[in-house]
Amino acid sequence: MPDIQRTLVLLKPDAVQRELVGDVLHRFERKGLKFIAMKLIHLDETTLAEHYSHHTEKPFYKGLVEFMMQTPVVAIVFEGIDVVAEMRKILGSTNPREADAGTVRADFSMDLAGNIAHASDTAENAQIEIDRFFKADELFDYKKLTDQYHFGE
Ligand code: CMP
């Protein structure tokens, strides 16, 4: 049985300010990834403290929080086979200057804070992050007609 997972993506303020939201979404769509929820959220310090709880002691934490509150972010939930790893592959390494050419971060960014997008690192953390940003009735269940082309039988 294929492993159907969910993952949480945040398109960050640099993507919004630099008008890259459409380009990045286009890459996800062309890969065949299916979004089941999407909205703008203006993050606050409390939510960011939860979301980045593993970074609160890091020297870059304060700057990261200020950066993440500059504009609303685009929060998206994707669902599909191995989508946690697939999304991270498409985005590339956290540091855009170390990311492989062809990945979103390598192709669109030079900056570590402004690295275009956040994506969950495991299926378990994805569930926690999805619950942080979305209510159950904001997640949609629908069939994509193109699945037969992307995934075969
Ligand atoms: P993200 O996937 O959102 O998770 C934590 C974020 O912290 C990461 O992407 C980067 O944008 C940012 N980050 C990680 N390391 C550094 C650093 N050394 N300096 C500034 N920002 C960083």
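Here, residue 1 is the first one in the sequence, and each next residue gets the next number.
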Exercise for the section: Kindly compute the distance separating CG (L48) from NE2 (H55), expressed to the nearest 0.5 Å. Expected result: 11.5 Å
Handout entry: Electrostatic pair D111-R97, nearest N-O below 4.0 angstrom
Key = no
Problem - Exam field: side chain Q5 to backbone V83, donor-acceptor pair closer than 3.5 Å - result: yes
Problem - Any residue meeting ring pair (Phe, Tyr, Trp, His ring centres under 6.0 Å) with H118, in chain and number order, not counting sequence neighbours - result: H51
Completion exercise
Interatomic distance, NZ@K143 vs CG@D141, rounded to 0.5 Å, equals 10.5 Å
Exercise for the section: Determine yes or no for a side-chain-to-main-chain donor-acceptor pair under 3.5 angstrom, with E66 supplying the side chain and G63 the backbone. Expected result: no
Exercise for the section: For the pair R6 (side chain) and E79 (backbone), establish whether a donor and an acceptor sit closer than 3.5 Å, ignoring hydrogens and angles. Expected result: no
Handout entry: Under 3.5 Å donor-acceptor, S109 side chain and G114 backbone
Key = yes
Practice task
Using atom types as modelled and distance alone, determine if a side-chain donor or acceptor of N95 lies under 3.5 Å from a backbone N or O of L112.
Solution key: no
Practice task
Would you check if the side chain of R132 reaches a backbone N or O of T47 as a donor-acceptor pair within less than 3.5 Å?
Solution key: no
Practice task
For K39 and F133, indicate whether the former's side chain and the latter's backbone hold a donor-acceptor pair under 3.5 Å.
Solution key: yes
Exercise for the section: For the pair S120 and E129, evaluate side chain to side chain donor-acceptor pair (under 3.5 Å) and give the outcome as yes or no after the intermediate values. Expected result: CA-CA 7 Å; S120 310; E129 294 182 351; 2.7 Å; yes
Handout entry: Face-on cation placement of K34 at F78 ring, 6.0 Å and 45° thresholds
Key = no
Completion exercise
Per side chain to side chain contact (heavy atoms under 4.5 Å, CB included), F134 is matched among I76, I36, L8 by L8
Problem - Test item: T146 side-chain N/O and Y149 main-chain N/O as donor-acceptor pair under 3.5 Å - result: no
